[in-house]
Amino acid sequence: MQPETADLQHPAQPEDERWMRHALALAARAEAAGEVPVGAVLVADGEVLAEGWNLSICQHDATAHAEVMALRQAGIRRQNYRLLETTLYVTLEPCVMCAGALVHARIGRLVYGASDLKTGAVRSVFALLNDPRHNHQVAVTAGVLADACSQQLSAFFARRRAEKKAARLAARSQSASE
């Protein structure tokens, strides 16, 4: 039996859309590198503390998600893994690994765009950030620029499916002509 989780949904703040647009631009960098377009920006006192975008494919590293990349950069910059009083903006609801990293880093607030109905670990599939068994709770604001974030991901996967289909057709055509 799972314990009740506190729903710490916080209302959007005026600067949330600005920072989510920044995260969307970082996601575009991931896509340009052939990665799933997810971007993250960690903000402290109204300033960028760190940025990240998916690099798992390029770096051959399953842990190189946008959130983890931003946390790594911020930890080095602050010389401390605890990133108190920060807000992380990410275009896609974090997975289990990333949600756990946010708790361990003591992120104050998470703002995400698109929900992840397959692997989301904030609300969609799991509710890890606000499990009362953790010694730290992360405030959450969900759905900021959700349509733009979802569209960026949907367009990427549609294009990838079309490219794979074209490659299969080309391979069939090639083998038929031989």
Side-chain angles (χ1 to χ4, degrees), residues 5 7-44 46-59 61-74 83 86-105 107-130 137-164:
T5 59
D7 186 7
L8 297 179
Q9 172 68 22
H10 287 258
Q13 297 178 7
E15 68 274 9
D16 289 350
E17 286 192 13
R18 170 186 171 219
W19 291 117
M20 189 60 71
R21 288 187 202 294
H22 188 99
L24 281 161
L26 296 170
R29 291 177 76 171
E31 185 171 5
E35 299 277 352
V36 175
V38 178
V41 59
L42 188 64
V43 176
E47 301 286 328
V48 173
L49 177 61
E51 301 174 330
W53 53 92
N54 276 2
L55 291 170
S56 296
I57 297 167
C58 295
Q59 293 190 359
D61 180 357
T63 68
H65 288 193
E67 302 94 323
V68 171
M69 301 308 291
L71 295 178
R72 287 176 181 165
Q73 187 183 91
L83 303 169
T86 59
T87 299
L88 182 71
Y89 294 86
V90 62
T91 57
L92 181 64
E93 179 181 2
C95 69
V96 171
M97 173 185 68
C98 294
L102 298 180
V103 171
H104 287 290
I107 298 298
R109 181 171 170 249
L110 167 69
V111 179
Y112 69 88
S115 295
D116 186 342
L117 302 178
K118 292 183 181 180
T119 64
V122 177
R123 291 209 170 92
S124 296
V125 180
F126 303 104
L128 297 181
L129 294 185
N130 304 123
Q137 306 294 301
V138 178
V140 176
T141 301
V144 173
L145 297 180
D147 290 341
C149 294
S150 293
Q151 179 55 38
Q152 188 178 45
L153 287 158
S154 295
F156 170 80
F157 286 114
R159 188 171 51 260
R160 182 177 269 183
R161 284 189 300 274
E163 289 168 355
K164 286 183 179 182

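One-based numbering along the sequence shown. Quick note: numbers below take in every heavy atom, side chains included, and nothing from hydrogens, waters or symmetry partners.
Judged purely by atom type and a 3.5 angstrom limit, Q152 uses its side chain to pair as donor or acceptor with the backbone of L24. At distances below 3.5 Å, at least one donor-acceptor pair connects side-chain atoms of T141 with backbone N or O atoms of H10. Using modelled atom types, one side-chain atom of E35 and one backbone atom of C58 make a donor-acceptor pair closer than 3.5 Å.
Residues L110 and L102 meet the side-chain proximity criterion, which asks for heavy atoms closer than 4.5 Å. In this structure, H22 and E51 have side chains that are in contact, with non-hydrogen atoms separated by less than 4.5 Å. Between M20 and V111 the shortest side-chain heavy-atom distance falls below 4.5 Å. Between H65 and V38 the shortest side-chain heavy-atom distance does not fall below 4.5 Å. Looking at heavy atoms from C-beta onward, W19 lies in side-chain contact with V48 at the 4.5 angstrom threshold.
Taking both residues in full, the closest heavy atoms of A74 and L42 are given as CB-CD2, 3.4 Å, listed atom of the first, atom of the second, then distance. When every heavy atom of C149 is checked against every heavy atom of A114, the shortest pair comes out as CB-N, 3.8 Å. The two residues A30 and P37 come nearest to each other via the heavy atoms CB-CA, 4.1 Å. Of all heavy-atom pairs between V125 and L117, the closest is CG2-O, 3.5 Å. The minimum heavy-atom distance between V140 and Y112, with the atom names listed, is CG1-CE2, 3.9 Å. Minimum interatomic distance between W53 and M69 (heavy atoms only, all atoms of both residues): O-CG, 3.7 Å.
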Under 3.5 Å, which donor-acceptor pairs link side chains of residues 86-101 to any protein atom two or more places apart or in another chain?
residue: T86; atom: OG1; partner: L83; partner atom: O; Å: 2.6
residue: Y89; atom: OH; partner: D16; partner atom: OD1; Å: 2.8
residue: T91; atom: OG1; partner: G39; partner atom: N; Å: 3.2
residue: E93; atom: OE1; partner: D116; partner atom: N; Å: 3.0
residue: E93; atom: OE1; partner: S124; partner atom: OG; Å: 2.5
residue: E93; atom: OE2; partner: V122; partner atom: N; Å: 3.0
residue: E93; atom: OE2; partner: R123; partner atom: N; Å: 2.7
residue: E93; atom: OE2; partner: S124; partner atom: N; Å: 2.9

(request) Report the C-alpha separation of S56 and N54 in whole Å, then their side-chain angles, then the decisive distance to 0.1 Å, and conclude whether the side-chain hydrogen bond (donor to acceptor under 3.5 Å, both in side chains) test is met. (result) CA-CA 6 Å; S56 296; N54 276 2; 5.6 Å; no
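Around NE2 of H104, the count of heavy atoms belonging to other residues, nucleotides or ligands within 6.0 Å does not exceed 12.
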